[in-house]
Amino acid sequence: MKSYNFKKIEKKWQEKWKKDKIYNSKDFVRGKKNFYHLVMFPYPSGDLHIGHWYNFAPADVYARTKMMQGFNVMSPMGFDAFGLPAENAAIKRGIHPKDWTYKNIETMTSQLKSMGNMYDWNRKIITSDPEYYKWTQWMFLQLYKHELAYKKKAAANWCPKCHTVLANEQVVNGKCERCEAEVVQRNIEQWLFKITKYADKLLKDIDKVDWPEKTKIMQKNWIGRSEGALIKFKISNSQFSIDVFTTRVDTIFGCTYVVLAPEHELIRQLAEKIENYNEVTKYIDDAKRKSELQRAELEKDKTGVKLEGVMAVNPFDNEEVPVFTADYVLGHYGTGAVMAVPAHDERDFEFARKYDLKIKQSVSGGKPEDKLFTEDGILVNSGKFTGLLSEKARKEMGKWLEKKKLGKRTVKYKLRDWLVSRQRYWGSPIPIIYCPKCGIVTVPEKDLPVLLPKVKNYLPTEEGKSPLAHSKNFINIKCPKCNGPAERETDTMDTFVCSSWYYLAYVMRGISNFQFPISKYQKAFKRWLPVNMYVGGAEHTVLHLLYSRFFTKALKDFGYVDFKEPFMSLRHQGIILGPDGQKMSKSRGNVIDPDELVKNFGADVVRMYLCFMAEYSQGGPWNPTGIMGIKRFLEKVWKLADKVKPNVPHKGLTFVLHKTIKKVTEDIENFKFNTAISSLMILVNEMEKQPALEVKNWKLIIHLIAPFAPHLAEELWQSLGHKKSIFLSTWPKYDSKKIKEEKVKLVIQINGKMRDIFEVSVGIKEKEAKVLTLKRENVKKWIGNKAVKKTIFIPNKLINIVI
RNA sequence: GCCCGAGUGGCGGAAUGGUAUACGCGCACGACUUAAAAUCGUGUCUCGAAAGGGAUGUGGGUUCAAAUCCCACCUCGGGCACCA
């Protein structure tokens, strides 16, 4: 046989697959179950990098296996084209974001095609296409109609470099996720989605999906459920009161002061009572000027101001305690006010020590302890609750509060509503109109999409308004209700809105090219959704994955879909580092270029090496020499074809062959691609030793290799005279009878140490095994004249003699 | 600080209570070659002449038996971070 010319062969098969449309999925195929296999779509950054390959290639191995296992597989691909990353990159190069994005999509599409993955290009979507964002806008309107989208003026995270507000999830350590500029608080009118309404469902339903445990835990922590109590502290000599939230009611007899967050509106309402109001407002202004990061950095040095002349009453013992404002209390969590218990809370303890406030013990750990004790214990100095254990006390005291109508037991979440306005150009316009007469008016469905105009001035501005605010043509519009002059909303949507529903879009794409109404698609939704397998990076744990779940739950409540969770199974790929073990970056010069590798080795070798180089979810540094091993392996397989002869009696191969079928099938199902390949290598090494190969066995190995090296496998398959693609043939099944062994090696241990090994028949009984064992010279030598105390026998595996 | 995950040859890694180091890379030697590359073969944890001993981050524990389970600690990676 000729040497393996990957360039020619890969090109040939990519063209043939395209021509025969074998990966174009139909919504319904008789006798086949649908399988929706999804990878996280890339944003058009410019080039496909090795990380994309590491996501897409092994995922494609999985999809191809499913296809051969008889599923009607849909594996679509598209581009997350709107958003900050693309826009920032374009601005840096002085190119219009639209031109930049679509140029990149073109390059990346051809790079993607060179991978030879089984994408259904008929279903390609681009989120910045008007036909796509027409639906993004429609989704916004649905949320608005159901009161899940609302507008509000409040402090928001403002990135001074990107000139836009950001969602809570996009602020990392007080810095902008994208440009790492320090985020400041700014009061701006903005649109939010009420994701908090679904906090409970998002938390509960996460246990129903097959996702990595770590990802589930991270989402749970992000949602951050706390059970506690809401308690009313009356303010002496006034009609006002302070609601505090605490998870530790049991410590309330140790409360020695109350703290309001600087943002708390009650402070203004109490202005007349506060004797040092000037001092207080000065403190509040200072606090507002601090960024989240600065507030966090000052963690250890807590500051605050006492509200002179204001006292709050502890409902449990009717004692008056002073009230402070301090920025260690957060305005956006709980009620923005806390009861301070310095004896049992670290933060209150620090604050109390600094301002020399009373520290009063109310829970005891049973041992003499330092002043600070933060764990559960037994209540002391707590009136009629004294002597109760903390846990019991929380229940009893909660009930007492409810009875006296001074508070109630309640649940709070860390999750905050999703801020979706962006003061940026490259995003979907928000389909809202402001009419001086009618107020907020939605754009009628028939007028969608609100087109994003191609403006010259797309640069973001410091003023807190989108560049669209300068486009008169865009802003000025007639009110759809009263026909009077009105103005459009000029902010665009967070790009994560676009990606929150894209898994629906691929299904819709297969039908009528995004025409309204939604009812057109609901039959297809039923056929394909939810997504069976979703593969992508772990970095989206609290962004995309949480938002998509929220969208799905909302759409289910609106009656448009009939499932609660969008992604039934989820797998993450690890991160590939540079050969130096550092994160790949152009400035470090440790970037691995997949195009170069494909040029030198071919797509099959690259994808297979990616599968082999590490445990999939682990990733790790790129080993530049390791790829040679896979190249040799595929060449070995190619040469094996020369050994195929008709009518060869197979000797000894059946056993290892069927074991390999079992192992490869199971490993692919479990995303253990590396061990699947190693067992294929063992099989091929065995086959090489044979003088000749039977066609039947040869076919089996081609099948097993096909998902990993699809081009090579097709070529070998065709050379056997097959007209149809190997991917339209059936995945081999192992015969459990053929992997039953007749003989096994029984390990002999003496006192737990391996001393001997010998072959026995499968199913040998303990008695017989023991007799045979004790007869062996090696064993006799070790036992000597000592008595056998005990024998442990593990059938078909091991016998351990204890002396 | 809190919550996860990981630590095994020169390297990537395998083994999730029962033969530690599969498979691959690298390296060494040999074959083929005028030569080199490619290819093929043999070897490759460590101490020891051998018998045998030792080794899965460190220290302890459970067990007939531990890389695997438990406890403490160290190192690295990821996430959260004044969330009351």
Side-chain angles (χ1 to χ4, degrees), chain A residues 3 172-174 212-222 224-226 228-229 244-249 251 259 261 292 295-300 302 326-330 332-341 344-348 350-351 374 412-416 538-539 541-542 574-575 577 579 581 609 612-615 617-630 632-633 635-636 639 672 674-685 688 745-757 781 789-794 796-803:
Chain A
S3 72
V172 177
N173 288 330
E213 212 45 47
K214 187 184 171 165
T215 304
K216 289 189 186 182
I217 290 169
M218 273 166 66
Q219 279 216 3
K220 283 183 190 171
N221 290 344
W222 188 264
R225 184 179 196 271
S226 300
V244 305
F245 173 71
T246 180
T247 54
R248 292 295 306 273
V249 207
T251 65
V259 193
E292 290 257 323
R295 251 169 102 156
E297 266 172 7
L298 297 169
E299 193 175 323
K300 293 232 160 63
K302 294 195 168 38
D327 65 4
Y328 81 88
V329 172
L330 304 173
H332 56 72
Y333 181 76
T335 59
V338 302
M339 61 173 214
V341 186
H344 307 296
D345 181 281
E346 210 170 317
R347 297 150 300 183
D348 299 339
E350 277 168 30
F351 190 81
T374 57
K412 293 280 175 203
Y413 297 91
K414 282 194 212 173
L415 186 69
R416 286 194 254 168
E539 68 275 15
T541 302
V542 288
I575 297 168
L577 303 169
Y609 180 57
F612 184 63
M613 62 172 269
E615 206 277 307
S617 64
Q618 226 63 59
W622 177 264
N623 175 356
T625 54
I627 196 166
M628 283 305 295
I630 296 294
R632 282 179 204 142
F633 172 70
E635 277 169 0
K636 245 189 230 183
K639 279 186 209 151
K672 304 245 177 211
N674 55 339
T675 47
I677 293 171
S678 94
S679 67
L680 281 171
M681 286 171 167
I682 293 168
L683 175 64
V684 167
N685 289 343
E688 246 194 343
K745 281 178 178 159
L746 194 73
V747 170
I748 301 174
Q749 291 185 342
I750 313 268
N751 284 349
K753 293 219 177 223
M754 191 231 175
R755 295 300 182 193
D756 201 358
I757 186 162
K781 189 179 82 191
K789 282 185 201 156
K790 197 173 170 186
T791 315
I792 286 105
F793 179 71
I794 309 294
N796 301 327
K797 260 188 187 163
L798 166 142
I799 184 161
N800 187 11
I801 310 285
V802 184
I803 53 171

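Quick note on labels: first sequence line is chain A, next is B, and so on, each numbered from 1.
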Could you tell me whether [X] contacts a base, only the sugar-phosphate backbone, or nothing, with contacts defined as non-hydrogen atoms closer than 4.0 Å?
X: A:Gly619; value: sugar-phosphate
X: A:Val747; value: base
X: A:Glu213; value: nothing
X: A:Leu798; value: base
X: A:Ser226; value: sugar-phosphate
X: A:Asp348; value: nothing
X: A:Lys797; value: sugar-phosphate
X: A:Phe612; value: base

Of the nucleotides [options], which one has an atom closest to the side chain of [X]?
X: A:Lys214; options: B:C23, B:G78, B:G13; result: B:G78
X: A:Trp222; options: B:A81, B:A84, B:C4; result: B:A81
X: A:Ile794; options: B:G18, B:A84, B:C80; result: B:G18
X: A:Thr625; options: B:A22, B:A84, B:G26; result: B:G26
X: A:Met218; options: B:G79, B:G18, B:C82; result: B:G79
X: A:Met681; options: B:G24, B:G13, B:C3; result: B:G24
X: A:Ala614; options: B:G13, B:C64, B:A14; result: B:G13
X: A:Ile757; options: B:A65, B:U19, B:C80; result: B:U19
X: A:Lys790; options: B:A22, B:C64, B:G18; result: B:C64

When rounded to the nearest Å, what value does the distance between [atom1] atoms of [N] and [M] take?
N: B:A49; M: B:U16; atom1: P; value: 36 Å
N: B:G41; M: B:C45; atom1: C1'; value: 23 Å
N: B:G48; M: B:U75; atom1: C1'; value: 33 Å
N: B:A72; M: B:A28; atom1: P; value: 47 Å
N: B:G7; M: B:C27; atom1: P; value: 27 Å
N: B:C23; M: B:U44; atom1: C1'; value: 15 Å
N: B:U19; M: B:C25; atom1: P; value: 26 Å
N: B:G57; M: B:G77; atom1: C1'; value: 15 Å

Assigned partner base of [N], Watson-Crick or wobble definition, under 3.5 Å:
N: B:C2; answer: B:G79
N: B:A28; answer: B:U42
N: B:C73; answer: B:G57
N: B:G17; answer: none
N: B:U63; answer: none
N: B:G48; answer: none

| task | Give a yes or no on whether a donor-acceptor pair under 3.5 Å exists between the nucleobase atoms of B:C82, that is its base, and the side chain of A:Lys302. | result | yes
Got a list of protein N/O to nucleotides 46-52 of chain B N/O distances below 3.5 Å?
unit_1: B:G52; atom_1: OP1; unit_2: A:Lys781; atom_2: NZ; d: 3.3

| said: Do A:Trp622 and A:Tyr609 have side chains that approach each other closer than 4.5 Å (heavy atoms only, starting at C-beta)? | reply: yes
| remark: Given the 90°-from-0 boundary between syn and anti, B:G13 should be labelled anti
